[in-house]
Undergrad: 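I'd like to ask some things about the structure below.
Everything numeric here is computed off the predicted structure, so don't read it as measured data. Here, residue 1 is the first one in the sequence, and each next residue gets the next number.
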Amino acid sequence: MTYLLWCLACLISYVQLFSSPNIAFASSLEAEALLKWKASFQNQTKNNLTSWGYNPKENTSPCNIWTGISCNTAGSVNRINLTNSGIQGTLYEFPFLSLPNLEYVDLSLNQLFGAIPSQISSLSKLIYLDLSRNKLSGKIPPELGLLNNLRVLHLNENQLNGSIPQEIGKLKFLVDLELSQNHLNGSIPTSLGDLSNLEFLYLQGNQLSGTIPKEIGNLKSIVDLHLSQNQLNGSLPASLGDLSNLEFLYLSDNQLSGSIPQEIGNFMKLTELELDANNFSGYLPQNICRGGSLQKFTVGSNHFIGTIPKGLQNCKSLVRVRLEGNQLTGNISEDFGAYPNLYFIDLSHNNLHGEISQLWGQCPQLATLRIAGNKLTGSIPPEISHATQIHELDLSSNSLVGVIPKDFGRLTSLVKLMLNGNQLWGPIPSEFGSLTDIEYLDLSTNKFNESIPGIFGYLLKLHYLNLSNNKFSQEIPFQLGKLVHMSQLDLSHNSLEGKIPSEMRTMQSLETLNLSHNNLTGLVPTSFDEMRGLKDIDISYNQLHGPIPNNKAFQNARMEGNKGLCGNVGGLKPCNHSVEHKHTSRKAFLIIFPILGTLLLAFLAFVLIGRRRSRRKQEREIEQSNMHDSFFSISNFDGRKMYGEIMEATNGFDVVHCIGKGGQGSVYKAKLPSGSIVAVKKFHQTLDGEEGSRKEFLNEIRALTQIRHRNIVKFLGFCSSAHHSFLVYEYLETGSLAAILSNENEAKKLDWSTRVKIVKGVAHALCYMHHDCSPPIVHRDITSSNILLHCDYEPCVSDFGTAKLLNPDSSNWTALAGTYGYVAPELAYTMKVTEKCDVYSFGVLALEVILGKQLGDFVSSFSFPSTTYANILLKDVLDQRLPPPTPQVLDELVTIARLSIACRHSHPQSRPTMHMVSKVLSFQPASSSRGPDDTTLEQLIKI
């Protein structure tokens, strides 16, 4: 009994010793230390730490109340997660000594600068340390080797320099080491071979030199090894063949040489192998796909010889292959098979022979096929047209013969086609008119004959066209003047006749024009005066005469071989007075006549309006007639005919055919007599002079006529009159993303990989609008309702009624536009439009895709207070209608979640650009985000 009483007394003493006052005291010391560090920040009002505060009278604990702070059961801080919190400061004041129980620290995606203090070694319990994506400089402190419990160390994407300390080899429990994208130099320390638990090693994007140490072969657990983009040299150690668990090996962009150990072909788990841009030689491993999981195999720009590895022929897992720029030999028709997942393959500039295999047509996902610069013979097989997803086809610089198959008209996704440098002959098939997405077309140096087809004028996205060194005859088709995006046009070295079409004046984007070595006659059109974009012109060796245009580009143009040209340019004779007078009179006529014509048309319009008011019974007929005149087609449609077909198909815009309504107008589904289905967006009529509606209508036209991208809805034409304003688009039968996500059954069809594809597609579209259009285009209403889906769930951004073209010379102030919940917060008080407004909306949309519902609805579905959000992880709040994602897809979802958080930063300047977002989504290695899934619900909903 006495013993029990003694034990009870001890227990009471122990409880009193560690009672709440003592815990509170320890907690208050930690709180004061953290506040001291916060006080050193340079942006006190612009970070996300507004919840950090301490009142000594209240003994307030920071645990689970302060943003990013968590504690253990004893009330001591053990986790700090301040990723993407807008912190601008250093680690010099960080309370290393005051936080002895820290196990987890994530300060990534901030603006930390200065060195990493050596005092970091006092965090002896640290398991996870992430200081990536900051501006830290100086050397990696060797004291990190004292953190004996460390499992994850991320210092990537900073400005660290010096060598990698040998002491890191003491971290026996390390699983993930990321030091990429810094300025590290010196050699790879041999001590890294002591990290037997290591699974992920990222050293790419530095200035490391020397050889790869043979001790790397001791990393028996390594799954992912990234050494690309350094200055490594020498041959690969044979010990690499011992890494039996290796899935990802990246060695590209170095100075490595010698042969590849054949043992690499024995890896059963190898998924991605990148060896390109080195000095490797010898033979490729023949059993490279032994495990059947190889997806990416890139060995381009080396000195490999021998045949294509036999293991590739039946490697159905292949997604991306690059073998270009080597000295590989063999019969191409025998070395490759049909691949269900292949997206990209480049075999260019080798010594391959044989004919093009029909099996390429059995690669349903194939988007890029390059076999240029080989010794291919035979004709182009029509079966290649079965690969309808091809965007780029390059068969140039071979010895191909025959005609272009008419089946090429099925390749409607083509953006780039290069058949130049062969011996192809015959006419260009009329089926080329179906290639409405093509931007780059090179058919030069062949034996094509007959005339240049006028259908080229309807390939409205063309910006490069080269038909030189062929046998084309007859006149230059005037339809080429429709190619308003054309920047380079080469028709030289043919047998073209007749005059240069004056319609070419509308090619205002044209910079380079080569019409040399033909039989062109007549005057150079004076309308070329208006083509201010021209920089390089060659009209030499024709039969042109008369004065040259008053265009600066003609001052340095090549014009020899034309006996009749004149002008004040070296090498030409001056024009005589009579010719100049005639030329001037013609110019005056061309100026005055359009003015008189415009006045006459204005008078006629006034008369017609008067008649319309007096003859109400004929209003519909006059309206229709006027509509025909004002319809402008930007595709290969007849405007007058299409208008009638749309009116008939919708029964005069009967509500029965309406498939959607919005603030700007209604959308109708119209099935044309040809069988094709289009979507017609008819703008609402207003009673205030239609000024606002008219502006939205013109905004959408202005934006869409400048855009060409696979993830932006195709614009077919428009119509504008006093009674109707409507736009014609391609019809996407699957409907909007919002409609699918709100439907329980349909949402299940959007599996996780498809949702990742949707987010990437929207990101690529916005990147194009912001960075590839001039001026940049801001959509201003990126929502799930404005994302339409193809039958394969490829996303298309639609509805450009609120779009704004950014003028670099203006302030870009505007009225508030957009959809509640998606609008960037700064627009509520600044009204200034920037690309960062779309970035914010994208962040909201991306979350909606992975959560399965709009952010507001998602948050309202939780009944608990917001202080508990920090304990809920991303994987627990993903759309519950789908099964859990695979680990690889989960990595991509984590990346999307983190990007969404960055995109929705309250300060626009802290948000990434869409170029950065698109790049991360496109090129980030599949496992780069592995590690603790620490993205929480609190971070997702924070605004």
Undergrad: Counting distance only, does the side-chain N/O of N446 pair as donor-acceptor with the main-chain N or O of F448 below 3.5 Å?
TA: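 Such a contact is absent between N446 side chain and F448 backbone.
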Undergrad: May I ask you to test the D437-K714 pair for a side-chain heavy-atom distance under 4.5 Å?
TA: yes
Undergrad: Do D346 and T368 make a side-chain contact, defined as non-hydrogen atoms from C-beta onward lying under 4.5 Å apart?
TA: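 Sidechains of T368 and D346: no contact.
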Undergrad: Is the ring pair H493/H517 parallel, tilted or perpendicular, if the boundaries are 30 and 60 degrees?
TA: parallel
Undergrad: Check for a donor-acceptor pair, side chain of S348 on one end and backbone N or O of G373 on the other, with a separation under 3.5 Å.
TA: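 Between the backbone of G373 and the side chain of S348 there is no qualifying donor-acceptor contact (under 3.5 Å).
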Undergrad: Please report the shortest heavy-atom distance between P477 and P453, naming the atom on each side.
TA: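 Closest heavy-atom pair between P477 and P453: CG-O, 4.1 Å.
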Undergrad: Quick one: does any side-chain atom of R505 pair with a main-chain N or O of S502 as donor and acceptor, under 3.5 Å?
TA: yes
Undergrad: What do the steps show when you test M507 against L489 for side-chain contact (heavy atoms from CB on, under 4.5 Å), and what is the final call?
TA: CA-CA 10 Å; M507 303 171 73; L489 176 61; 4.0 Å; yes
Undergrad: Spell out, as yes or no, whether a donor-acceptor pair under 3.5 Å connects the side chain of N562 to the backbone of N542.
TA: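 Indeed, once roles are kept as given, a pair shorter than 3.5 Å links the two residues.
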Undergrad: Measure from the side-chain N and O atoms of N711 to the backbone N and O of P795, and report whether any donor-acceptor pair falls under 3.5 Å.
TA: yes
Undergrad: Does a side-chain heavy-atom distance below 4.5 Å link L369 with I384?
TA: yes
Undergrad: Answer yes or no: are there more than 12 heavy-atom neighbours, outside E560 itself, under 6.0 Å from its atom CD?
TA: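 Buried by this count: over 12 neighbours within 6.0 Å.
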Undergrad: When you compare the side chains of H764 and S918, does any donor N or O come within less than 3.5 Å of an acceptor on the partner?
TA: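 A donor-acceptor contact under 3.5 Å links the two side chains.
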Undergrad: Show the nearest heavy-atom pair for residues Q488 and M486, with the distance to one decimal.
TA: O-SD, 3.2 Å
Undergrad: As a test of understanding, state which of N466, N422, L419, N469 forms a side-chain contact (heavy atoms from CB on, under 4.5 Å) with L443.
TA: L419
Undergrad: Is the side chain of N494 donor-acceptor paired with the backbone N or O of N470 at a distance under 3.5 Å, no angle test?
TA: yes
Undergrad: I want to check something: taking the side chain as every heavy atom from C-beta on, are L534 and E511 in contact at a cut-off of under 4.5 Å?
TA: no
Undergrad: Can you list the steps and then say if D838 with M914 is a side-chain contact (heavy atoms from CB on, under 4.5 Å)?
TA: CA-CA 9 Å; D838 281 352; M914 288 310 303; 5.5 Å; no
Undergrad: In Å, rounded to the nearest 0.5 Å, how long is the span from CG of L467 to CG of N514?
TA: 11.5 Å
Undergrad: What closest approach, in Å, do C575 and G567 show between heavy atoms, and which atom pair accounts for it?
TA: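 Minimum heavy-atom separation between C575 and G567: SG-N, 3.5 Å.
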Undergrad: Any heavy-atom pair between the side chains of F408 and L393 that's under 4.5 Å?
TA: yes
Undergrad: Show your reasoning for whether side-chain contact (heavy atoms from CB on, under 4.5 Å) applies to L520 and I476.
TA: CA-CA 9 Å; L520 300 173; I476 298 174; 4.1 Å; yes
Undergrad: Are F554 and V569 close enough that some pair of their side-chain heavy atoms sits under 4.5 Å apart?
TA: no
Undergrad: Does CD belonging to E530 count more than 12 external heavy atoms closer than 6.0 Å?
TA: yes
Undergrad: Using only atom types and a distance under 3.5 Å, with no angle test, would you say the side chain of D529 pairs donor to acceptor with the backbone of S527?
TA: no
Undergrad: Crowded around H790 NE2? As in, over 12 foreign heavy atoms under 6.0 Å?
TA: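 It does: H790 NE2 has more than 12 such atoms within range.
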Undergrad: Does some side-chain heavy atom of N786 sit less than 4.5 Å from a side-chain heavy atom of H779?
TA: yes
Undergrad: Return yes when atom OH of Y464 has more than 12 non-hydrogen atoms of other residues, nucleotides or ligands closer than 6.0 Å, and no otherwise.
TA: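 Buried by this count: over 12 neighbours within 6.0 Å.
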Undergrad: For the SG atom of C796 and the CD1 atom of I712, what is their distance to the nearest 0.5 Å?
TA: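 Reported value, rounded in 0.5 Å steps: 8.5 Å.
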Undergrad: So, do K461 and T436 sit near enough that their side-chain heavy atoms are less than 4.5 Å apart?
TA: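 No, side chains not in contact.
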Undergrad: What class does the angle between the rings of H463 and Y440 fall in, given that below 30° is parallel, 30 to 60° is tilted and above 60° is perpendicular?
TA: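 H463 vs Y440 ring planes: perpendicular.
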Undergrad: What distance separates S487 OG from E439 CD, expressed to the nearest 0.5 Å?
TA: 10.5 Å
Undergrad: Please name the pair of heavy atoms, one in E450 and one in P427, separated by the smallest distance, quoted to 0.1 Å.
TA: OE1-CB, 3.6 Å
Undergrad: Looking only at heavy atoms, what is the nearest atom pair of S434 and T412, with distance?
TA: O-CG2, 3.7 Å
Undergrad: Salt bridge between R370 and D394, side-chain N to carboxylate O under 4.0 Å?
TA: no
Undergrad: Keeping D490 on the side-chain end and S492 on the backbone end, is there a donor-acceptor pair under 3.5 Å?
TA: yes
Undergrad: Roughly how far apart are I380 CD1 and L424 CG, rounded to 0.5 Å?
TA: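 I380 atom CD1 to L424 atom CG measures 5.0 Å (nearest 0.5 Å).
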Undergrad: Closer than 3.5 angstrom, by distance alone: can the side chain of N449 be matched with the main-chain N or O of F472 as a donor-acceptor pair?
TA: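 The answer is no, because no donor-acceptor pair under 3.5 Å joins these two groups.
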Undergrad: Could you measure the distance from the CZ atom of F432 to the CG atom of L459? Nearest 0.5 Å is fine.
TA: 8.5 Å
Undergrad: Applying side-chain contact (heavy atoms from CB on, under 4.5 Å), run through L462 and H485 and close with a yes or a no.
TA: CA-CA 6 Å; L462 269 178; H485 297 294; over 6 Å; no
Undergrad: Check whether more than 12 heavy atoms from other residues, nucleotides or ligands sit under 6.0 Å from atom NZ of K499, and answer yes or no.
TA: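 Result for NZ/K499: open.
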Undergrad: Donor-acceptor pair, S509 side chain versus V484 backbone, under 3.5 Å?
TA: yes
Undergrad: I need the S495 OG to Q474 CD distance, nearest 0.5 Å.
TA: 11.0 Å
Undergrad: Quick one: closest heavy-atom pair of M531 and N551, and the distance?
TA: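 Residues M531 and N551, closest heavy atoms: O-ND2, 2.9 Å.
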